[in-house]
Amino acid sequence: MISEEKNFFDKVYETVRQIPVGRVTSYGAIARAIGSPQSARMVGWAMNASHNLEDVPAHRVVNRNGLLSGKHHFGDSNAMRNLLEAEGVPVRENKVLDFDEYFWDPSAHLNP
DNA sequence: TCCCTGACAGAAG
DNA sequence: CCTTCTGCCAGGG
């Protein structure tokens, strides 16, 4: 069974963990997947708290424009870009190329 | 206890 | 088309 009665943050962490390698998603998509489509800001806030959690690939989470908004929080400016490109996601100027093509919708993959 | 900030998103002018 | 503002929730000072 899956306990979905977790806290907002835990829901975000769990959803982000479902992101497959070589795929990316947006904060708003995650927020919507957990039932709070207007809480995209909280998603980013949750990621900030998940900094210590290796199970949370925050580098696969970008804003709705495909821009690596959180790359500045990875320590090195090239860290996030390097991780994405290492997984097969082309990044250019802090932005994901063909974002729509690499975009992965969590709400479409999560089982009810 | 109140005020401000924050890795976003979407609507309005 | 581009700029500006609000809404959302939670945490920190």
Side-chain angles (χ1 to χ4, degrees):
Chain A
M1 69 313 185
I2 302 172
S3 301
E4 297 187 16
E5 298 300 320
K6 295 181 179 179
N7 296 327
F8 188 96
F9 278 47
D10 289 338
K11 288 183 178 178
V12 176
Y13 301 146
E14 191 170 338
T15 302
V16 175
R17 286 178 187 171
Q18 307 311 308
I19 305 174
V21 180
R23 291 291 189 234
V24 290
T25 190
S26 61
Y27 301 95
I30 297 170
R32 183 172 298 191
I34 64 180
S36 296
Q38 296 185 328
S39 302
R41 305 179 71 174
M42 290 289 73
V43 177
W45 196 259
M47 310 311 298
N48 190 15
S50 71
H51 245 260
N52 289 330
L53 304 178
E54 296 180 359
D55 294 323
V56 182
H59 63 272
R60 295 180 190 153
V61 184
V62 295
N63 67 1
R64 96 97 176 151
N65 295 312
L67 186 68
L68 281 59
S69 30
K71 68 120 185 171
H72 192 73
H73 287 258
F74 274 73
D76 293 333
S77 300
N78 289 350
M80 189 172 184
R81 175 199 171 189
N82 193 351
L83 289 168
L84 288 170
E85 291 190 317
E87 295 181 351
V89 180
V91 178
R92 195 59 159 184
E93 298 296 305
N94 304 335
K95 184 181 66 180
V96 177
L97 299 179
D98 297 312
F99 175 64
D100 182 58
E101 188 173 325
Y102 288 94
F103 180 75
W104 178 83
D105 188 351
S107 62
H109 182 277
L110 287 166
N111 286 351

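A note on names: the letters A, B, ... follow the listed sequences, proteins ahead of strands, and every chain is numbered from 1.
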note: A:R64, atom CZ; B:dG10, atom C1'; distance rounded to Å ~ 9 Å
Rounded to the nearest 0.5 Å, the CE atom of A:M42 sits from the OH atom of A:Y27 at a distance of 12.5 Å
TODO: Scan A:A58 against the nucleic acid and name what it touches under 4.0 Å (heavy atoms): base, sugar-phosphate only, or nothing.
DONE: base
Here the gap from A:I34 atom CD1 to A:F9 atom CZ, rounded to the nearest 0.5 Å, amounts to 10.0 Å
Whole-Å distance, A:R32 CZ to B:dA9 C1', equals 10 Å
note: A:D10, atom CG; C:dC9, atom C1'; distance rounded to Å ~ 15 Å
Regarding the side chain of A:Q38, the nearest nucleotide among B:dA9, C:dC8, B:dA7 is C:dC8
In whole angstroms, the gap separating P of B:dC8 from CG of A:L68 amounts to 12 Å
| message | Looking at A:G66, is its backbone amide N or carbonyl O close enough to the side chain of A:N63 to form a donor-acceptor pair, meaning the two atoms are under 3.5 Å apart? | response | yes
The complete set of side chain to side chain donor-acceptor pair (under 3.5 Å) pairs with one or both residues in residues 77-86 of chain A, sequence neighbours excluded, reads A:R81-A:E85
Between A:N65 (side chain only) and A:L67 (backbone N and O only), is there a donor and an acceptor less than 3.5 Å apart? no
When rounded to whole Å, the CD1 to P distance for the pair A:I34 and C:dA10 reads 10 Å
Between CG of A:N65 and P of C:dC2 the distance, given in whole Å, is 12 Å
In numerical order, the residues of residues 16-28 of chain A whose heavy atoms come under 4.0 Å of DNA chain B are A:S26, A:Y27, A:G28
Numerically ordered, the residues 40-48 of chain A set in heavy-atom contact under 4.0 Å with DNA chain C is A:R41, A:M42, A:W45
Are A:I30 and A:V16 side-chain neighbours, meaning at least one heavy-atom pair lies under 4.5 Å?
yes
Donor-acceptor pair, side chain of A:H51 and main chain of A:H73, under 3.5 angstrom: yes
Here the gap from A:E14 atom CD to A:R17 atom CZ, rounded to the nearest 0.5 Å, amounts to 7.5 Å
Using a 4.5 Å side-chain heavy-atom cut-off and chaining through intermediate ILVMFWY residues, the residues clustered with A:V96 come out as A:V24, A:V62, A:L68, A:F74, A:M80, A:L83, A:L84, A:V89, A:V91, A:F99, A:Y102, A:F103
Practice prompt. Select base, sugar-phosphate, or nothing to describe what A:H51 touches, counting heavy atoms under 4.0 Å on all strands.
Written response: base
note: A:F8, atom CZ; B:dG6, atom P; distance rounded to Å ~ 18 Å
- Pairwise C1' distance, B:dA7 and C:dT3 [rounded to whole Å]: 22 Å
Worksheet item: With distance as the sole test, does A:Y13 use its side chain to make a donor-acceptor pair with the main-chain N or O of A:A46 at under 3.5 Å?
Response: yes
So, with a heavy-atom separation below 4.0 Å from DNA chain B, the residues of residues 69-104 of chain A are A:S69, A:G70, A:H73, A:F74
Contacts satisfying salt bridge (Lys or Arg N to Asp or Glu O under 4.0 Å) that involve residues 47-75 of chain A (not counting sequence neighbours) are A:R60-A:E87
